[in-house]
Structures are given as C-alpha cells and as structure tokens.
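Note sheet for the following structure.
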Amino acid sequence: MTAMAPMRLAFLDTMGSSYTPDSAYERPLGGARSALCYLTERLAASGHDVTLFNGVTSPTSARGVTVLPTTDQTIGALQDVDALVVAGGCTSQVAGVLRRATAVGKLVLWTGLRPSEPASADLADAATRALFDSYVFVSDWQKNRYQAVFGVPSDRSVVLRNAIAPAFENLFPAGTPVLDPRPWPPVLAYTSAPYRGLNVLLGGFAHVRSEVPGTTLKVFSSMAGYETAASDSFGELYDLALGMEGVDYVGAVPQARLAEELKRVSCLAYPNTVEETSSIAVMEAMAAGCLIATCGRAALPETLAGFGVTLPPDAEVNVFAANFAQMLIWLLPRLESERPAFEDRLRRQVDHVNATGTWTVRAKEWEEFLARR
C-alpha cells in the first residue's frame with residue numbers, strides 16, 4: 001500500500017478555550033476539546049503538519065502539534081493549508097472569513113452539536129452552508145437531523161465518530177476476565193455532565209439501594225472540564241449527592257484516574273435527559289467493561305452498537321427516575337446471578353470498542369477523508 005502524502009492541516013476551535021494536546025492527559029476536559037487533542041496528536045504522529053487554533057495567549061506546541069492563538073495575524077497562516085477543520089459551531093461572518101483564508105484548501109465543519117443549539121443557527125442560511133466543502137458529524141442520527149433541519153447536502157456529509165481516550169484502551173487484554181475486579185454489592189457510576197441526567201439518577205437511587213442492598217454510586221461529574229467551574233450552577237445537585245447514603249460524590253477527574261475507577265464499576269447508570277449526538281462517556285465506560293444502563297434517546301442506541309440496556313425516556317422527571325430505578329433493580333441482580341453470560345457479553349463489548357473506537361482507528365479515517373478531493 002502506498003504511504004499517504006503528508007498534509008498541512010489546521011483545526012480551529014470556535015469555543016475559545018485555552019489548552020494543548022497535553023491538557024487532555026493532565027486535567028478534565030470536555031468531550032469535544034478532548035477529541036481535538038487526541039485527533040491532532042494522532043495525525044501529527046502520522047507525519048502530517050498539524051496546527052490547532054484556540055484560546056491560548058501565545059504560540060506553543062505539544063505532542064507534535066503547533067498551537068496558536070486565534071487572531072487576525074495567525075489566520076494568515078491558513079493560506080496554504082490542505083484543509084481547515086472548524087470544530088464546533090460557526091457564524092456566517094466567521095465562515096466567510098475562513099473561506100477566503102483557505103481559498104485553495106478544503107473547509108470542513110466538524111460538529112458534535114445538536115441542530116437546535118445557537119452555535120448551529122446560521123446554517124439555516126443557504127449561503128452559509130455553501131461556504132463549507134464538507135460536513136463531519138459524529139453519528140448518523142446527528143447527520144440526519146442536520147439534513148432535515150437545515151438541508152445540509154448529503155453528498156458533502158460524512159460520519160466520523162468519536163473515540164475513547166488512550167487511557168481506556170486495552171484495559172482488559174485477551175484472557176483477562178472483565179467482571180473479576182467488580183465487587184458485589186454492585187457499584188454504579190455517573191460520568192457525564194451534571195445536566196444530562198444526574199438529577200434523575202439521584203431521584204431514584206434510594207429505591208435502588210433499598211431493593212439491592214449495599215449498592216453504591218460514584219459520581220464523577222462537574223462542569224470543571226468545560227472551564228465554567230467558577231459559574232457552575234449545579235451546587236445544589238452536588239450537595240444532594242454528598243448528603244445521600246451510599247453516594248460518593250467525586251467530581252470530574254483526569255481520564256487516567258477515571259479509567260482505573262471504572263474498571264471496578266459494575267454499571268454506568270446514565271438516565272440521559274438531553275439529545276446527545278454521541279456519547280464519549282458511554283464509549284469509555286464500555287471500554288472499561290461496565291454494563292451500560294441508559295435510555296434510547298437520540299444517538300445513544302447507535303453509540304451502544306447493540307450492547308447495554310435501554311428504556312424509553314420520559315419527559316416527567318419523577319416518572320423517569322422511578323422507571324430507571326426499576327430497570328436497575330431488575331438488571332443488577334442478574335449481573336451476579338448470570339455472571340458467565342454477562343462476562344461473555346462484556347468481553348465482546350470491550351473488544352468491539354478497542355477494535356473500532358480508538359483515536360488511532362479514527363485518525364486513519366480522517367486521513368482518508370481529508371485526502372479526498
């Protein structure tokens with residue numbers, strides 16, 4: 001096979017945060033920013049010239065990636081790129097500036113946002129949509145929604161999914177039992193942002209603990225990874241968790257620690273309350289060998305790829321909490337009483353994610369996509 005020619009690639013984070021590819025290894029970071037870190041690192045390791053533009057105040061570099069502040073001066077560096085990937089949302093005005101700056105290169109919008117989010121609103125304008133050569137979505141569900149809402153052209157749309165952090169790769173090599181590190185009574189975990197269903201889980205947890213005695217819950221959740229900790233508005237929810245019997249509120253932690261913690265967790269309990277276009281939290285819990293209990297909302301069934309257990313979501317919080325608790329009460333004892341069957345299923349789950357959902361796999365797909373003209 002002929003080696004792929006090196007490309008000059010630029011990634012622009014429109015969210016304005018300050019970080020480098022090192023940051024994803026050092027501190028909690030939101031899923032979209034982590035994805036940028038891991039993808040740019042892997043592309044640079046494959047020999048491409050990769051620049052990441054974000055909210056840093058001065059030029060730096062990390063893991064082979066040049067990181068530059070987004071200013072009028074640095075945008076001039078885009079003149080001869082093979083492709084510029086805009087990550088997140090993009091206004092009509094910014095898209096026009098970038099289109100002119102990359103006149104000979106490919107301009108790509110890579111978004112994990114829902115079409116209902118304000119940062120996507122300008123795609124309602126046909127002239128704005130025409131500025132982009134390609135659109136990258138993280139699930140078929142999301143792609144279909146953008147096509148239905150905005151008329152994004154299908155022939156310029158591609159799905160390149162999210163992937164797991166390197167810390168979650170190969171946690172259970174072949175021959176290593178997946179269930180062995182997990183204690184009984186079961187340990188549950190919640191690892192996503194607090195606004196995505198933590199209130200529902202806490203609302204039903206006491207009932208779960210009464211019916212499956214000794215069950216505990218570890219909550220790895222805060223807004224710290226989104227650089228909004230100073231204005232975090234979920235203090236009452238954290239206080240509720242801190243005061244509940246059997247609940248250990250930990251907060252957000254770096255990926256390496258989270259991976260080690262999840263190796264001893266029986267089940268990711270995720271009664272999701274928002275339309276997720278993907279779920280890195282679910283993918284990483286799958287790689288860590290956790291049984292996944294969630295709902296069938298938006299792209300979550302697609303992310304699960306046939307694994308995990310889901311129930312229909314409910315708009316009424318108390319009803320959803322009761323239904324989700326009842327599912328856990330039904331499910332958790334089976335994890336112990338039907339151990340061989342769950343060991344087989346979880347082994348296949350772990351192997352599936354490691355074979356299809358790493359950033360090494362995903363970077364190859366991005367290379368092939370960006371090299372196409």
Side-chain angles (χ1 to χ4, degrees), residues 4-88 98 101-102 105 108 110-112 136 138 160 162-170 222-229 252-260 280-281 283-284 287 357-367 369-370:
M4 184 168 293
M7 293 178 284
R8 188 161 186 266
L9 306 173
F11 290 78
L12 170 63
D13 179 358
T14 62
M15 295 174 281
S17 301
S18 173
Y19 59 92
T20 77
D22 280 336
S23 302
Y25 295 86
E26 298 168 348
R27 58 184 171 91
L29 208 61
R33 299 180 184 100
S34 295
L36 274 166
C37 292
Y38 298 132
L39 177 59
T40 54
E41 175 192 357
R42 291 308 312 149
L43 290 171
S46 295
H48 303 291
D49 181 346
V50 182
T51 301
L52 172 61
F53 293 87
N54 63 25
V56 295
T57 56
S58 58
T60 185
S61 64
R63 298 178 182 264
V65 178
T66 300
V67 186
L68 297 177
T70 306
T71 66
D72 291 342
Q73 289 73 33
T74 57
I75 292 299
L78 299 173
Q79 290 294 339
D80 58 349
V81 295
D82 293 298
L84 167 62
V85 179
V86 182
L98 297 176
T102 57
V108 179
W110 175 27
T111 181
V136 175
V138 295
L160 296 172
N162 282 317
I164 60 174
F168 287 88
E169 294 182 27
N170 301 314
S222 77
M223 295 301 290
Y226 301 88
E227 299 188 355
T228 58
V253 298
Q255 294 296 86
R257 178 182 170 188
L258 184 61
E260 285 302 310
I280 294 175
M283 293 179 70
E284 291 179 340
T358 68
W359 282 110
T360 298
V361 171
R362 204 65 70 237
K364 291 293 184 184
E365 297 173 355
W366 271 93
E367 275 188 316
F369 161 69
L370 292 172

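- Put simply, the side chain of W359 does not reach to within 4.5 Å of the side chain of I164, judged on heavy atoms.
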Q255 and E284: CA distance, side-chain angles, deciding distance, side-chain contact (heavy atoms from CB on, under 4.5 Å) verdict: CA-CA 10 Å; Q255 294 296 86; E284 291 179 340; 2.9 Å; yes
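- Across all their heavy atoms, A259 and A167 have their closest contact at CB-O, 3.5 Å.
- Atom CG of L160 and atom CH2 of W110 lie 8.5 Å apart (nearest 0.5 Å).
- Nearest heavy atom pair, residue Y19 against residue V67, reads O-CG1, 3.7 Å.
- Annotation for A10 and L78: closest pair CB-CD2, 3.5 Å, computed over non-hydrogen atoms.
- With sequence neighbours left out, F11 forms a ring-ring contact (aromatic ring centres under 6.0 Å, His included) with no residue at all.
- For the pair T111 (side chain) and A87 (backbone), a donor-acceptor distance under 3.5 Å is absent.
- The CD atom of E26 sits 6.5 Å away from atom OG1 of T20, with the distance rounded to the nearest 0.5 Å.
- Taking all atoms of both residues into account, the shortest heavy-atom contact from P254 to P28 is N-CG, 4.0 Å.
- Residue pairs meeting the salt bridge (Lys or Arg N to Asp or Glu O under 4.0 Å) criterion with at least one partner in residues 55-78, sequence neighbours excluded, are D22-R63, E41-R63.
- Atom CG of L39 is separated from atom CG of L9 by 9.0 Å, given to the nearest 0.5 angstrom.
- Note on residues 47-59: pairs passing side chain to side chain donor-acceptor pair (under 3.5 Å), not counting sequence neighbours, are H48-E367.
- Looking at L98 and L12, their side chains come closer than 4.5 Å, going by heavy atoms from C-beta outward.
- From Y38, atom OH reaches atom OH of Y25 across 5.5 Å, with rounding to the nearest 0.5 Å.
- Between A44 and G64 the shortest heavy-atom distance is CB-O, 3.6 Å.
- Distance alone, capped at 3.5 Å, places no donor-acceptor pair between the R8 side chain and the V50 backbone.
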Candidate pair T71 and F53, rule side-chain contact (heavy atoms from CB on, under 4.5 Å), full reasoning: CA-CA 9 Å; T71 66; F53 293 87; over 6 Å; no
Test log, rule side-chain contact (heavy atoms from CB on, under 4.5 Å), inputs L36 and D13: CA-CA 8 Å; L36 274 166; D13 179 358; 3.9 Å; yes
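- Interatomic distance, CG of L52 versus CG of L68, reported as 8.5 Å (0.5 Å rounding).
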Chi angles and distances behind the side-chain contact (heavy atoms from CB on, under 4.5 Å) call for V85, W366: CA-CA 11 Å; V85 179; W366 271 93; 4.0 Å; yes
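- Look at E260 and R257 and you find no salt bridge, because none of the NZ, NE, NH1 or NH2 atoms lies under 4.0 Å from a carboxylate O.
- Minimum heavy-atom separation, N162 to A35: OD1-CB, 4.3 Å.
- We find the OG1-CE distance between T358 and M283 to be 9.0 Å, quoted to the nearest 0.5 Å.
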